[in-house]
Amino acid sequence: MHPLQPTVSSFRADLHCHSSFSDGSLNPKSLVNLALKEGLQGLCITDHDTLDAYQEAIPYAKEKGLILGTGVELSCDHKKKSVHILAYDFSLQNEALIQYCKRQQSKRIARNRQILEKLTRLQIIIKEEELMESHRDVSTLGRPHIAAIMLQKGYVQSIQEAFDRYIGDQKCCFVLGESFPVAEALRIIHEAGGKAFLAHPHLFASSAFIRELLQMGFDGIECFYGRFSYLQEKQWLKLAEEFKLLVSGGSDFHGDVKPKILLGCSFVDRARFDAIFTTNVV
Ligand code: AMP
Ligand code: FE
Ligand code: FE
Ligand code: ZN
C-alpha cells in the first residue's frame with residue numbers, strides 16, 4: 001500500500017518537528033496535543049541543537065499516552081556545506097551531546113551577529129540585544145528568529161521574503177557560520193548510544209556529495225519528508241537499500257513558521273519506528 005494512505009488504525013510516528021525551543025512556533029505540550037489530534041501514535045521532537053524540549057515533553061507525553069522517542073537535529077558542515085543530521089534514540093543524559101549542543105549554540109551567536117552586521121549595511125537595523133530579548137525562552141537562535149524580527153519591524157512582508165531576499169542560503173546577507181564537522185557529530189551521536197540519519201537529502205544539489213556523506217558512518221537516511229511525492233520517496237528508499245541504511249521520516253513541522261507543512265504529513269510506520277527506537281522511548 002502507498003505509505004501516505006494509512007488505515008485509520010495504523011501506527012504513524014512523525015520523527016521530524018520543531019518546538020519553540022528552536023524555530024518552531026508551538027511549545028512541546030502543544031506539539032504533543034497536536035500530534036494526538038492528528039491521530040499520530042508516535043512523535044520525535046528534533047529541535048535544532050537543543051534537547052530542552054524533552055524536559056517538558058516527556059512527562060506530558062506519558063500522561064497523554066503518546067509514544068515519544070529522543071531526537072535532535074544537529075547543524076554540521078562538510079566541505080563548507082551545511083549538513084543537518086537527525087540523531088535518534090540517544091540518552092538525554094549524555095554529557096558530550098549536551099555540551100555539543102551548548103558549543104553549537106555559542107557558534108550560532110557569533111554567526112547571528114555576522115548576519116545582523118550584513119543586514120545593518122543594507123539599513124535593516126536589528127540589534128543583537130533585540131534578537132535575544134524578543135526570544136528569551138528560545139534555546140537555539142537562528143535565521144528564522146532574525147526573519148521574524150525583520151517581519152515585525154516591517155522590513156519584509158513575510159518570513160519567506162526575508163529568506164528569499166536576504167538571509168536564505170547564498171543570498172546577500174547569508175553567513176554559513178562555523179559548525180562542527182560531520183565526522184565529529186557522528187562520533188558524539190554514537191557515543192551517546194544514538195543513531196545518525198542524513199536529514200532532508202533532497203536539499204543537496206549533488207548526488208555525489210550525498211553518497212560521500214553516506215559513507216562516513218550514517219545509520220540511516222530521511223526518506224519520507226514534508227510533502228514528498230511517492231516518486232521522491234522511492235528515490236530515497238532505493239538509496240537506503242543500496243547503502244543498507246535505516247529509513248526515517250517526518251514532516252519537519254515548524255508551525256506558523258512554515259504554515260503549509262502540517263504535523264504528520266510525513267511519518268514512519270511501526271516497523272520503521274521500532275527499527276530506530278530500541279532504547280530511548282517514553
Ligand atoms: P539556521 O539553522 O539558522 O541556518 O536556520 C535554518 C532554518 O531556517 C531551517 O531549519 C528552516 O526552518 C529555515 N529556513 C532555511 N532556509 C529557508 C528558506 N529558504 N525559506 C524559509 N525558511 C528557511
Ligand atoms: Fe528549522
Ligand atoms: Fe534541517
Ligand atoms: Zn528540521
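All ligand and atom numbering here is 1-based and tracks the order in the structure.
You'll find the ring centres of Tyr100 and Phe180 inside the 6.0 Å limit. Between Phe21 and His48, the ring center distance fails the sub-6.0 Å criterion. A centroid separation of less than 6.0 Å is found between the aromatic rings of Phe209 and His78. Separation of the His18 and Phe253 ring centroids does not fall under the 6.0 Å cut-off. For Phe197 and Phe218, the ring centers sit 6.0 Å or farther from each other.
For the residues Arg111, Gln160, His200, the heavy atom positioned nearest atom 1 (P) of ligand 1 is part of Arg111.
Regarding atom 13 (C) of ligand 1, its nearest protein heavy-atom neighbour is Phe163 CZ, 3.6 Å. Residue, atom and distance of the protein heavy atom nearest to atom 2 (O) of ligand 1 are Arg108 NH2, 2.8 Å. Nearest to atom 10 (O) of ligand 1 among the protein's heavy atoms is His48 NE2, 3.0 Å. Among all non-hydrogen protein atoms, the one lying nearest atom 6 (C) of ligand 1 is Arg143 NH2, 3.7 Å. Here the heavy atom of the protein found nearest to atom 9 (C) of ligand 1 is Asp23 OD2, 4.0 Å.
Residue Gln157 places its CD atom among 12 or fewer non-hydrogen atoms of other residues, nucleotides or ligands, all under 6.0 Å distant. With a 6.0 Å radius and a threshold of 12 heavy atoms from other residues, nucleotides or ligands, Glu241 has its CD atom at or below the threshold.
A perpendicular orientation is assigned to the rings of His145 and His135, their planes being inclined by more than 60° (bins at 30° and 60°). Note on ring orientation: taking the six-membered ring where Trp is involved, the planes of His200 and Tyr225 are perpendicular (angle over 60°, cut-offs 30° and 60°).
The closest approach between Ser75 and ligand 1 stays at or above 4.0 Å for every heavy atom of the residue. Proximity of His145 to ligand 1 is not established, as no heavy-atom distance is less than 4.0 Å. No heavy atom of Gly168 sits closer than 4.0 Å to any atom of ligand 1.
Legend: residues meeting side-chain contact (heavy atoms from CB on, under 4.5 Å) with Ser82, ordered by chain and number and at least two apart, are His84, Leu176.
Residue-ligand proximity, Lys258 to ligand 1, at heavy-atom distances under 4.0 Å covers atoms 11 (C), 12 (O). Counting atoms of ligand 1 from 1 in the listed order, those under 4.0 Å from a heavy atom of Gly142 are 3 (O).
By the 4.0 Å N-to-carboxylate-O rule, Glu130 lies close enough to Lys153 to be salt-bridged with it.
Under the 4.5 Å side-chain criterion, counting only non-hydrogen atoms from C-beta, Asp219 is not in contact with Leu245.
Taking a cut-off of 2.8 Å, the protein N, O or S atoms nearer than that to the Fe ion (ligand 2) are Asp23 OD2, His48 NE2, His254 NE2.
Contacts between His18 and ligand 1 below 4.0 angstrom, taking non-hydrogen atoms only, are absent altogether.
Angle NE2 (His200) to the Fe ion (ligand 3) to ND1 (His84): 100°, rounded to 10°.
With Phe163 as the aromatic partner, Lys171 does not meet the cation-pi criteria of under 6.0 angstrom to the ring centre and within 45 degrees of the ring axis.
At under 3.5 Å, a nitrogen or oxygen of His254, whether backbone or side chain, sits near a nitrogen or oxygen of ligand 1.
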